[in-house]
Enquirer: 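Submitted below is the structure of interest, expressed as structure tokens.
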Amino acid sequence: MSFPEDDIPFPGDLPGTSPVRSDAAPLAASGGLAARAMAARGAAAQPDYLRGLNPEQAEAVQAIDGPVLVLAGAGTGKTRVLTTRIAHILNLGLAYPSQIFAVTFTNKAAREMKERIALLVGGAVEGMPWLGTFHSIGVKFLRRHAELVGLRSDFTILDTDDVVRLIKQLIQAEGIDDKRWPARQFASMIDGWKNKGLAPADIPEGDSRAFANGKGRALFAAYQARLQTLNACDFGDLLCHPIRMFRNHPDVLKEYQRKFRFLLVDEYQDTNTAQYMLLRLLAQRPAAEDGDTGRRENAPNICCVGDDDQSIYGWRGAEVENILRFDRDFPGAKVVRLERNYRSSEHILGAAGHLISHNEGRLGKTLFTDRRDPDDDRVQVHAAWDSEEEARAVGEEIEQLQRRDVRLNDMAILVRASFQMREFEERFVTLGLNYRVIGGPRFYERQEIRDAMAYFRVVCQPADDLAFGRIVNVPKRGLGEASVRLLHDHARADDKPMLAAAQDLVGTDELKPRARKSLSDVTEQFARWQGLLETMPGHELAEVILEESGYTEMWQNDRSADAPSRLENLKELIETISGFESLRAFLEHVALVMDVDTNADMDAVSLMTLHSAKGLEFDTVFLPGWEEGLFPHQRALDEGGRSGLEEERRLAYVGLTRAKRRCHIWFVSNRRIHGLWQSTIPSRFLDELPEDHVEVAETDGQYGGYASYGRGQSGGPYGASRFDRAEPFAGNYQSPGWRRAQQNATSATRENWGTRSGHAVERVAYGESGPRARTIEGELVARSTTDVPSSFSVGDRVFHLKFGNGNIAAIDGNKLTIDFDKAGQKRVLDGFVEPV
DNA sequence: CTTAGCGGCCTTTTT
DNA sequence: GGCCGCTAAG
């Protein structure tokens, strides 16, 4: 096997570095690596790029021989270590750029790493084809060796949407009720299996039984078979196929093991089992051929960087275990801890560190900083009456900072769930405040974009039935369900793609003349476009396709409000394609990189989820929505139990550690969830913050007076719980809803509560809030009483804490529709109103 | 075959 | 509150 990219030589002299062994050619496969590295290290003065590293960082960079685990806390210069390490390897001439295997978890991280390496080694980074996400590297393996796993190298990568549609077809074909057994659910089961590297034959019997009365395994197998005939892969396959390929073809694996002289893994705590298996395969050293069996010589040069405290992707199969187990997986591993933080103030670190210390099973790191500025603010906790006021107050705070010349680019709002964003967006629009949503509704998930891409996909890959099925009748061509079904049946009978079957079908008289004409027209068009594929530039062809197919016209004729913006998006799509070599190259890019660059030059507040904030930092960070049920999220608790809670806590830790100087946490006492208003209580995480580094922000009451609400007897300035000062909740605890919830609380919830050691004690010690808080666990209970008929009747006069007095207009289970005197008609849970 | 209107559904995080 | 998909009517 040959690797063409290995021919690209690496320029020995690095810009801005002293010429260390610039004559060193990459070594032959048979080792001697350690010795030469040592020699190189000893022989020359420290290159520039090593200066300015602290001792631990330098150690991590220079320990290039054998396995290394770098436990890098938030803001300790993790990326710097990785990129410098790569530069170091290149500079010592220990490998060609193409012989370095470097994986990151997200596209963003890969991009950033590329940029930063480029700063160190210049254009050489272009010769690093194996720097990317696991998935993009998986694709690279597969394109080269597709035939080894039964694919052709022009296979399509399906996204979640395609997958769900395909599964739905299969479920229906099996005669299974797709209402009872939703395709979406099965798709996520498959995803889970593939994250573990399991094929249909490998899945546990119980898993198979768990779907459609035991048809799980058969469906999974049918799905895989279908992918095969479609010449397609889903996301999981991008990892599983390479694993299978390497296992079945040791010769191929061996070539890659030889090739990759250095392996680097970013965010190791986020790797799932499949990714781990792939790494293990690549990290095995081929047996030494010169008889040298010295262990260090054969130990893989693998360097994993991660932080167990920032593992937040357990829900999608990440195994923190991978990082906790590293030294057993790679015997003799060197472990380097980076604990010196360069990002955050002492208060922020103190708050974050204390919070995360509530987790068990950590490798344990304590971040420290030399930075001690008496002017640094403590972490501030604010209370608001409801989410609207929360958004208003945050907006106000932002404007104040703006007046103090803090740039909007230096501020971010990090939410737990994306639905929280809307309220902030609305507020910012009315304020005229620039904001940018990161990772929000994705460009490539929009309908018009997906339609357009479906056209492109069929042109590039005629066997892509899913894409074809999506657009045969878009715009409307009179090819309705009946015609498509007929076409589909033909395709299956002849075992050929639908497009090919269509060509046959138009030669018969099975279709009505009208449909036949349309179908024949489309197939001819596709044939024509395919002919242009090699000659016409991608973006021109794309434009031609959208024009000739009538797709653009369809939106031009559409009078709905969002039609113009859809046309705008299509334009942008064409624009983007022009930056690519070909339509094919573009499709590949999109399949892997679902996000699109946001214009960074605008000064704007960033709005994103906590998950997408990992790896970023901001001067000022706002963390709204710290309420039980939302954060920690109820579902994480329900499904993940204790480990779910710990993951939520890590998420909080990630949020806090994004902040450099200022961090504002908010919680509200009323939030609308699923269109219903619910009372909420402060997150337990608030109580896990250390007093020394946190202060409860005083409010001036200008935001609609929650502060005046039920300010309690207990609430002296420093009495009881620290959050008593945010006493609106005392009012809530006395609301009929809580009283009822308390009565309904099941023993299960109480036990649940009891398991949270320390916490309950703290609450109880504070008296009143203890038992009340327990009922808050009853928030769930309040929700689960849906089938209990409401004790109210239509016409009753009731009082609601947020909306005041009103009359019940309608009752649906425990959901009341109420005409409020002042607030208008609202839907609320009956637990939150009381008769007047 | 298409469209409009209605009902039932969900609603964490993402490569 | 919004989306999807179904149904009934054109």
Enquirer: Compare the ring of A/H633 with the six-membered ring in the base of B/dT12 and state whether they stack (centres under 5.5 Å, planes under 30°).
Expert: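 Stacking is present between B/dT12 and A/H633, given that their ring centres fall under 5.5 Å apart and the planes under 30°.
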
Enquirer: Mark up nucleotides 1-6 of chain C, 5' to 3', with B wherever a protein heavy atom is under 4.0 angstrom from a base atom, S wherever such an atom reaches only the sugar-phosphate, and - elsewhere.
Expert: -S--SS

Enquirer: With sugar-phosphate meaning primed atoms plus P, OP1 and OP2, does A/F134 contact a base, only sugar-phosphate, or nothing at under 4.0 Å between heavy atoms?
Expert: nothing

Enquirer: Mind checking ring-ring contact (aromatic ring centres under 6.0 Å, His included) for A/W315 and listing every partner two or more places apart, or none if nothing turns up?
Expert: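 Residues passing ring-ring contact (aromatic ring centres under 6.0 Å, His included) with A/W315: A/Y313, A/H611.
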
Enquirer: Given B/dT15, B/dT13, B/dT12, identify the nucleotide with an atom nearest to the side chain of A/N107.
Expert: B/dT15

Enquirer: Would you please confirm or rule out a distance under 4.0 Å between OP1 or OP2 of B/dT12 and any side-chain N or O of A/R635?
Expert: yes

Enquirer: Do the side-chain N and O atoms of A/Q461 and A/D464 include a donor-acceptor pair separated by under 3.5 angstrom?
Expert: no

Enquirer: Would A/R143 count as a cation-pi partner of A/F155, with NZ or CZ less than 6.0 Å from the six-membered ring centre and within 45° of the ring normal?
Expert: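 Cation-pi check for A/R143 and A/F155: passes.
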
Enquirer: For A/R514, look at atom CZ and say whether over 12 heavy atoms of other residues, nucleotides or ligands are found less than 6.0 Å away.
Expert: no

Enquirer: Please produce a list of atom pairs where a protein N or O lies less than 3.5 Å from an N or O of nucleotides 1-8 of chain B.
Expert:
{"from": "B/dC1", "atom 1": "OP1", "to": "A/G480", "atom 2": "N", "distance (Å)": "3.3"}
{"from": "B/dC1", "atom 1": "OP1", "to": "A/S483", "atom 2": "OG", "distance (Å)": "3.1"}
{"from": "B/dT2", "atom 1": "OP1", "to": "A/N473", "atom 2": "ND2", "distance (Å)": "3.3"}
{"from": "B/dT2", "atom 1": "OP1", "to": "A/G478", "atom 2": "N", "distance (Å)": "3.2"}

Enquirer: Just to verify, which of A/K168, A/R450, A/R470 counts as forming a salt bridge (charged side-chain N to carboxylate O under 4.0 Å, His left out) with A/D162?
Expert: A/R450

Enquirer: Could you check whether A/R427 pairs with A/E388 (Lys NZ or Arg NE/NH1/NH2 to Asp/Glu carboxylate O, under 4.0 Å)?
Expert: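 No, no charged N to carboxylate O under 4.0 Å.
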
Enquirer: Measure from the side chain of A/T133, starting at C-beta and using heavy atoms only, and say which of B/dT13, B/dT15, B/dT12 lies closest.
Expert: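 That would be B/dT15.
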
